[in-house]
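Working notes for the structure below.
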Amino acid sequence: EVQLVESGGGLVQAGGSLRLSCAASGFTFDDYAIGWFRQAPGKEREVVSCISSDDSSTYYEDSVKGRFTISTDNAKNTLYLQMNSLKPEDTAVYYCVADSWGTCAKLIRNDYGGMDYWGKGTLVTVSS
């Protein structure tokens, strides 16, 4: 059974940090592009970050560049998102996704429906 299980969300004050984790199972983790989408209340879902499987290149949405860092531990089949200098506008449910294309192309196009696998999400709330 394929699973993507997010953890690490919570309530944090503006300027604080959180690290999200996504534990993957049931598929060959190394062969997939993996990343994060988020959806804030009343807003469209948007891509946050992605890491490709072919060359480990990374992508960040403009508003998180310099503050968020995506990484993987392939031995543990786990994806991370280190989030620093959090802002109230980062408040959202964060979803882990995996795409068998292996590149971040579909994530960059915000093609959430085109992903192969999705997690159930973890809520991040940043207070001002």
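Worth knowing before you read on, the calculation uses all heavy atoms, side chains too, and leaves out hydrogens, waters and symmetry mates.
Here the side chain of E61 pairs a donor or acceptor atom with the backbone of S63 at under 3.5 angstrom. Using modelled atom types, no side-chain atom of N77 and backbone atom of S25 make a donor-acceptor pair closer than 3.5 Å.
With rounding to the nearest 0.5 angstrom, the CG atom of D30 is 4.0 Å from the CG atom of N74. In this structure, CD1 on I34 lies 11.0 Å from CG on D99, to the nearest 0.5 angstrom. The OG atom of S71 sits 7.0 Å away from atom CG of L79, with the distance rounded to the nearest 0.5 Å. Taking NZ of K65 as the reference point, atom OG1 of T58 lies at 9.5 Å (rounded to 0.5 Å). Rounded to the nearest 0.5 angstrom, S49 OG and Q82 CD are separated by 12.0 Å.
The closest side-chain donor-acceptor pair between D73 and T78, if any, does not fall under 3.5 angstrom.
Both I70 and Y117 belong to a single network of hydrophobic side chains, linked directly or stepwise wherever heavy atoms of I, L, V, M, F, W or Y lie under 4.5 Å apart. Hydrophobic clustering keeps Y59 apart from V64 (ILVMFWY residues linked when any side-chain heavy atoms are closer than 4.5 Å, directly or through intermediates).
Contact of the R67 side chain with the D90 side chain is registered, since non-hydrogen atoms from C-beta on lie closer than 4.5 Å. With a 4.5 Å cut-off on side-chain heavy atoms, S53 and Y32 do not count as touching. Between Q13 and V126 the shortest side-chain heavy-atom distance does not fall below 4.5 Å. Between L18 and V124, the closest side-chain pair of non-hydrogen atoms falls below 4.5 Å. Counting heavy atoms from C-beta outward, R38 and Y95 have side chains that stay 4.5 Å or more apart. Considering only heavy atoms from C-beta on, F27 stays 4.5 Å or farther from D116 through its side chain. The closest side-chain heavy-atom distance from E46 to N110 is below 4.5 Å.
The aromatic rings of F37 and Y112 sit perpendicular, their planes meeting at an angle over 60°, well past the 30° parallel limit. Ring geometry, Y94 versus F68: the interplanar angle falls from 30° to 60°, so the pair is classed tilted.
G35 and L107 get closest at one heavy-atom pair: CA-CD2, 3.9 Å. Annotation for S17 and N84: closest pair OG-OD1, 2.9 Å, computed over non-hydrogen atoms. Residues V97 and W36 share a closest heavy-atom pair of CG2-N, 4.5 Å. Between K106 and M115 the shortest heavy-atom distance is CB-CE, 3.7 Å.
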Derivation of the side-chain contact (heavy atoms from CB on, under 4.5 Å) call for D54 and T103: CA-CA 7 Å; D54 52 359; T103 74; 3.4 Å; yes
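For T125, the side-chain contact (heavy atoms from CB on, under 4.5 Å) partners are L11, T91, L123, not counting sequence neighbours.
Listed by first and then second residue, the disulfide (SG to SG under 2.5 Å) pairs involving residues 93-128 are C22-C96, C50-C104 (not counting sequence neighbours).
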